[in-house]
Colleague: 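Quick one: this structure, given as structure tokens, is what I'll be asking you about.
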Amino acid sequence: MSKQSTYDDAIKELHAIMEQLQNNEIPMDELAAKVKRAAALIKYCQEKLRTTEEDIQTLFGA
Amino acid sequence: HLLVEKIRQQIENDTFQQLNQEKTNLDFYQKQVQLLAQLPIKTARQNLQHLSAQLKLLDPKHILERGYALVQNKNQATVQKAAELKEGEQVKIIFQDGAIQAKINLKENE
């Protein structure tokens, strides 16, 4: 994920992929790549949450 | 001081609540993607099995195994109708386990 992608952009893209999966819109040849992209987006968001949580804990002195 | 502390506490609680909600959402998305990705694969696999079964039925070898025989004329072309053959003509009859040569003795009237 590029540094310029925001958390919200990643969530939007994730929603789009999930909708495509639900509507059976992804050709078989592209399925693995899309799922891989979704997994990468989730990982990016999880990491983003983790670092945000750390920053906030530091701020509040938790 | 008390008011400031109260506000600080509120902000902290709200922030962590939002973070926890996002974590929960992400867990759900992860499970959903895993589940949804399996559906087209399951459908494709079922379609493939169906096609494979149909192909097997259409295979000439399978038709011979059901007890049918294939008749070929002297040019090795498949004979589809009795009308194509004459009395005295040589034919090849192919069974599931081999072939024989035969001669047409008599044509029956239908």
Side-chain angles (χ1 to χ4, degrees), chain A, chain B residues 1-66 68 70 78 96:
Chain A
M1 294 286 296
S2 74
K3 283 186 182 170
Q4 269 130 23
S5 296
T6 64
Y7 182 89
D8 287 344
D9 287 340
I11 293 290
K12 250 188 221 161
E13 195 182 337
L14 190 57
H15 273 292
I17 294 174
M18 281 171 60
E19 199 177 322
Q20 285 177 318
L21 281 168
Q22 271 166 342
N23 296 334
N24 212 21
E25 287 169 6
I26 305 173
M28 190 55 68
D29 288 335
E30 295 169 28
L31 187 61
K34 281 280 181 177
V35 172
K36 201 173 170 183
R37 176 65 181 164
L41 288 166
I42 290 168
K43 197 174 173 185
Y44 166 78
C45 290
Q46 283 172 333
E47 180 58 22
K48 188 80 183 173
L49 285 182
R50 191 190 66 77
T51 55
T52 304
E53 194 172 31
E54 268 177 13
D55 291 343
I56 290 166
Q57 278 171 345
T58 308
L59 271 169
F60 286 107
Chain B
H1 273 313
L2 273 172
L3 183 63
V4 168
E5 177 55 29
K6 201 174 174 185
I7 292 168
R8 189 201 73 80
Q9 195 70 51
Q10 188 66 48
I11 293 170
E12 190 181 345
N13 289 345
D14 290 349
T15 309
F16 281 115
Q17 195 173 21
Q18 191 182 354
L19 274 170
N20 286 334
Q21 185 59 56
E22 287 297 327
K23 276 188 204 174
T24 305
N25 290 348
L26 280 175
D27 284 342
F28 172 73
Y29 296 151
Q30 192 165 40
K31 288 190 176 84
Q32 273 294 93
V33 168
Q34 273 180 315
L35 199 73
L36 290 170
Q38 282 167 24
L39 291 175
I41 294 171
K42 194 177 171 185
T43 305
R45 194 167 277 142
Q46 281 171 344
N47 287 345
L48 210 60
Q49 279 172 343
H50 183 65
L51 280 169
S52 180
Q54 277 186 317
L55 206 65
K56 197 181 171 188
L57 285 174
L58 293 169
D59 184 355
K61 197 178 160 205
H62 181 71
I63 295 170
L64 292 179
E65 282 168 4
R66 287 168 63 200
Y68 292 93
L70 196 72
T78 302
Q96 61 174 304

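So you know, we letter chains A, B, ... as the sequences are listed, proteins then strands, and number each from 1.
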Colleague: Does any heavy atom of chain B fall under 4.5 Å from the side chain of A:Met18, the backbone, both, or neither of them?
Modeller: both
Colleague: By a 4.5 Å heavy-atom criterion (distance strictly below it), what part of B:Ile41 contacts chain A: side chain, backbone, both, or neither?
Modeller: both
Colleague: With only heavy atoms counted, which part of B:Ile11 is less than 4.5 Å from chain A, the side chain, the backbone, both or neither?
Modeller: both
Colleague: Looking at B:Tyr68, I'd like to know if its OH atom is crowded, meaning that more than 12 non-hydrogen atoms belonging to other residues, nucleotides or ligands lie closer than 6.0 Å.
Modeller: no
Colleague: If you count every heavy atom of other residues, nucleotides or ligands that lies below 6.0 Å from B:Gln9 atom CD, does the total exceed 12?
Modeller: yes
Colleague: Give a yes or no on this: more than 12 heavy atoms of other residues, nucleotides or ligands lie within 6.0 Å of atom CD of B:Gln17.
Modeller: no
Colleague: Once rounded to the nearest 0.5 Å, what's the spacing between atom CG of B:Leu36 and atom NZ of A:Lys34?
Modeller: 13.5 Å
Colleague: As an exercise: rank B:Gln34, B:Arg8, B:Gln32 by heavy-atom pairs under 4.5 Å with chain A and give me the winner.
Modeller: B:Arg8
Colleague: Classify the ring geometry between A:Phe60 and B:Phe16 as parallel (under 30°), tilted (30 to 60°) or perpendicular (over 60°).
Modeller: tilted
Colleague: Does any non-hydrogen side-chain atom of B:Leu19 lie less than 4.5 Å from one of A:Thr52?
Modeller: yes
Colleague: Answer yes or no: does atom CD of B:Gln18 have more than 12 heavy-atom neighbours from other residues, nucleotides or ligands under 6.0 Å?
Modeller: no
Colleague: Salt bridge check, A:Glu53 against B:Lys23: does any charged N sit closer than 4.0 Å to a carboxylate O?
Modeller: yes
Colleague: Are the side chains of A:Ile11 and B:Leu26 in touch, meaning some heavy atoms are under 4.5 Å apart?
Modeller: yes
Colleague: Using a 4.5 Å cut-off on heavy atoms from C-beta on, say whether the side chain of A:Leu31 contacts that of B:Pro40.
Modeller: yes
Colleague: Where do A:Ala38 and B:Val33 come nearest, in terms of heavy atoms and distance?
Modeller: CB-CG1, 4.0 Å
Colleague: Chain B heavy atoms under 4.5 Å from A:Leu49: which part of the residue, side chain, backbone, both or neither?
Modeller: both
Colleague: Are B:Asp27 and A:Gln46 packed together at the side-chain level, in the sense that at least one heavy-atom pair is separated by less than 4.5 angstrom?
Modeller: yes
Colleague: Which atoms of A:Ile17 come close to chain B, meaning under 4.5 Å heavy atom to heavy atom: side chain ones, backbone ones, both, or neither?
Modeller: neither
